[in-house]
Amino acid sequence: MLKTVILIGGPQKGTRFRPLSFEVPKPLFPVAGVPMLQHHIEACAKVPNMKEILLIGFYQPNEELTRFLSCAQQEFKISIRYLQEYAALGTGGGIYHFRDQILSGGPEAFFIMNADVCSEFPLPELLEFQKEHGDTHSFVILGTTANRKQSMNYGCIVENEQTNEVLHYVEKPSTFVSDIINCGIYLFTPEIFQHIGAVFQKNQQDMLLYPYEGEEQTNGWQRAEVIRLEQDIFTALAGQGKLYVYKTNRFWSQIKSAGSAIYASRLYLNQYHRTHPERLATNEEGGPKIIGNVYIHPTANIDPTAVLGPNVSIGTGVAIGAGVRVRESIILHGATLQDHSCVLNSIVGWDSTIGKWARVEGTPSDPNPNDPYAKIDSETLFRDGKLTPSITILGCNVNIPSEVIILNSIVLPHKDLNRSFKNQIIL
Amino acid sequence: MKALILVGGYGTRLRPLTLSVPKPLVEFANKPILLHQVEALVKAGVSHVILAVSYMSELLEREMRTQEERLGIKISLSHEKEPLGTAGPLALARELLTDSAEPFFVLNSDVICEFPFEDMLRFHKQHGREGTIVVTKVEEPSKYGVVVFEGETGRIHRFVEKPQVFVSNKINAGMYIFSPSMLDRIQLRPTSIEKEIFPVMAEEGHLYAMELQGFWMDIGQPKDFLTGMCMYLQSVRQQGPEKLRTGPGFLGNVLVDPTAVIGQNCTIGPNVTLGAGVVLEDGVRIKRCTVLKGARVRSHSWLESCIIGWSSSVGQWVRMENVTVLGEDVIVNDELYLNGANVLPHKSITDSVPEPRIIM
Ligand SMILES: Nc1nc2c(ncn2[C@@H]2O[C@H](COP(=O)(O)OP(=O)(O)OP(=O)(O)O)[C@@H](O)[C@H]2O)c(=O)[nH]1
Ligand SMILES: Nc1nc2c(ncn2[C@@H]2O[C@H](COP(=O)(O)OP(=O)(O)OP(=O)(O)O)[C@@H](O)[C@H]2O)c(=O)[nH]1
Ligand SMILES: [Mg+2]
Ligand SMILES: [Mg+2]
């Protein structure tokens, strides 16, 4: 049997996703109409013999997460549990800490996935590949090709082109190493815990040899348990005949910034043509005009004179008035877009209101369309002391008055604006 | 009586509109700028208007022939071979201006106000000297040349360019009436009436100032063109409110040509002028704008402080503001944002212009 572990991080992670991650844990942020994690879960649930999905993170148990878990269990008829780390243990520390839970029931292999990626999840292909490469206990990283410049923002993999063995692994190098990058999706066999265990033992010994002065024992223990899969495990396993890379040219992206959530939505909406055609809105008598791929939650109320798309996702209970235009945007639940308003390249937060003829507009940070290997840049907010033009994000319960423009700005939750803003963060 | 209107400048500051049409023919509140003056002159008893032009314009000539007929007056064009400034053209037209002993009017072509021509004539005859200039009050005198004059008689003492300390808040409003003898002061060469002629006349006690009542604006550049339109429509509201459009969907002072077509759920005004054949589709919000003949604004767009050139087309869900001026036959694609764009004629705009600039 098989299992999947999804690394969901915790509240201190995902800061590039603010202010949206104030309201909802980032892994639950809706992408193409459903929580980011649901795309992972749907892909896992389709794999024959998948018995359980474990989410590991350091969020306090919370209502959203609990509700999501119980809904997803019902919908996908699979056991899904949340395991909470007592502190951030890194991408390898958490799975080591919970190894007994992962191994219970005796899976012969399990997937590990970063929560903040968007992918076609070629899981059957990974399983197939694993059987054909190395010994029966080999580990597989899902890799993809990036361009030279952007590759350095990722984990870089050098492979043996004949065998696909990973010869060298380096996380976010400062000079070019390889254009094959780590997608944050792995297939491991239980043997991986011997390698993580070895790192843990060594950390503990280091701790005894070079004790950190003035720190409590528990912290010391914690430091031994903090293990990074990428730097501590993959780097060591490379060239040992244990670690292989399966390269995919299917769509893949990180979801670090809010801007990348719009891009990821576009990729998933496009995939819906095959996987979930029922989730794509169509042009119907008495319905709004739909251009390209659009997701509309059935509870949303949309005037027939509105024009939506491409790449628009409309959440529960959203109200969209006459003559409204929305393109390349995510409208979160309970938001109201009044008549003639125009929303482009933006995320409109929960329960926000946009007044008549208001324009909410951002600048997309899409990958270079002329470079097939380009990825979305997880842009830094500021360049040369100026806010770089990015998508516009309205936090939860923001009020935009009629007839103003909000351009390339980030509005923190619960703000009532009274005028236009451009290129600003509005606290 | 006669009047000479200075229409010789190139109107560079009102580009891109003046790249298609000479400035005197640009419609202000749905009437060519020049006609506002000519009609007021006719009302005050002027029967011969001389246009001092430094460029050849068939369009202007043709339009003036039509107006001669319509108004039953004579309109002459006085062509200068080189630009003669604001005084030289008077010397060139000397023959026409001196065939009677009556005083004559001289006007800058781009000022707009409630023209006080009859008062000027009365005032001028009263003081009996060579010249009268109309002055108007401004808030920030340090930006202009101001006129210092005797409050009671109007006799002008001097002119002060951009005064650093307050001496007066009255400026030259660009409207004069002169007795024919004044022409002896001007030679046939490029001369500035403000800088070279008026100071001498003032010194000799021959120049008087008459204060203008009501609004005044030099509409020679887009920003002031729009401000002038707001003032003008307000005066229409007081003088002839039936000319303004009211009703549901109309706010404040709105002037609409009868051939303009307006869609449903639009909100128009305050301070909007829509020219002949203009089309506003459904759900357009427009305020403080002039839309010139034949232009179209497509649905759900939002416009504030813009001049839309003749036959231009603004797409759906476009936002334009901050003195955006479209020349003739410009196309703005759907969903764009134009902030202070100055667009030359026959351009097709496919990208937003988030900061003010000129689009060649
Ligand atoms: N359970 C758990 N998950 C983690 C921890 N740290 C990161 N993750 C998750 O692991 C995935 C990868 O996170 P990172 O390694 O921080 O991110 P990255 O992809 O290397 O990108 P950077 O943020 O640029 O370093 C994300 O889904 C995180 O939420 C951790 O300490 N515990
Ligand atoms: N006949 C004639 N009229 C002139 C000449 N220069 C300016 N004028 C007119 O004098 C008045 C005041 O001039 P300006 O305010 O400078 O306007 P303009 O030169 O038309 O326009 P700009 O190019 O924007 O300065 C306007 O009515 C002009 O048409 C000239 O050389 N000859
Ligand atoms: Mg990392
Ligand atoms: Mg000039």
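All chains are named by letter (A, B, ...) in the order of the sequence lines, taking the proteins before the strands, and each is independently numbered beginning at 1. The shown structure was predicted, so the numbers you read here are calculated from the model rather than taken from an experiment.
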Take a 6.0 Å sphere around CD of B/Gln264 and say whether it holds more than 12 heavy atoms from other residues, nucleotides or ligands.
no
Report which part of A/Lys356 has an atom under 4.5 Å of a heavy atom belonging to chain B: side chain, backbone, both, or neither.
neither
Heavy-atom side-chain proximity of B/Arg285 to A/Glu403 below 4.5 angstrom
yes
Can you tell which of A/Ser341, A/Cys342, A/Ala322, A/Gly323 has the highest number of heavy-atom pairs within less than 4.5 Å of chain B?
A/Gly323
Rounded to the nearest 0.5 Å, what's the gap from CH2 on A/Trp357 to CD on B/Glu304? Could you check?
13.0 Å
With only heavy atoms counted, which part of A/Thr363 is less than 4.5 Å from chain B, the side chain, the backbone, both or neither?
neither
Report, as yes or no, whether the 6.0 Å neighbourhood of atom CZ on B/Arg237 holds more than 12 heavy atoms from other residues, nucleotides or ligands.
yes
Can you establish whether the number of heavy atoms outside B/Glu139 located under 6.0 Å from its atom CD is more than 12?
no
In this structure, NE2 of B/His300 is separated from OG1 of A/Thr305 (nearest 0.5 Å) by 5.5 Å
Counting neighbours of CD on B/Glu242 that are heavy atoms of other residues, nucleotides or ligands and sit closer than 6.0 Å, is the number greater than 12?
yes
Does a sphere of radius 6.0 Å around CD1 in B/Ile358 hold more than 12 heavy atoms from other residues, nucleotides or ligands, not counting ones at 6.0 Å or beyond?
no
Check: A/Lys422 and B/Asn339 side chains under 4.5 Å, non-hydrogen atoms:
yes
Taking A/Ile405's backbone N and O only, do any of them form a donor-acceptor pair with B/Trp302's side chain (distance below 3.5 Å, no angle check)?
no
Should we count NZ of B/Lys31 as having more than 12 external heavy atoms under 6.0 Å?
yes
Donor-acceptor under 3.5 Å (A/Arg359 side chain, B/Glu335 main chain)
yes
Rounded to the nearest 0.5 Å, how far does OG1 of B/Thr267 lie from NE2 of A/His340?
6.5 Å
Taking atom CZ as the centre, does B/Phe215 end up with more than 12 heavy-atom neighbours from other residues, nucleotides or ligands that are less than 6.0 angstrom away?
yes
So A/Leu344 and B/Trp317, side-chain contact (heavy atoms from CB on, under 4.5 Å) or not? Walk me through it.
CA-CA 11 Å; A/Leu344 309 173; B/Trp317 290 288; over 6 Å; no
For B/Glu140, is the CD atom crowded, meaning more than 12 foreign heavy atoms sit under 6.0 Å from it?
no
Electrostatic pair B/Arg319:A/Glu361 at N-O distance under 4.0 angstrom:
no
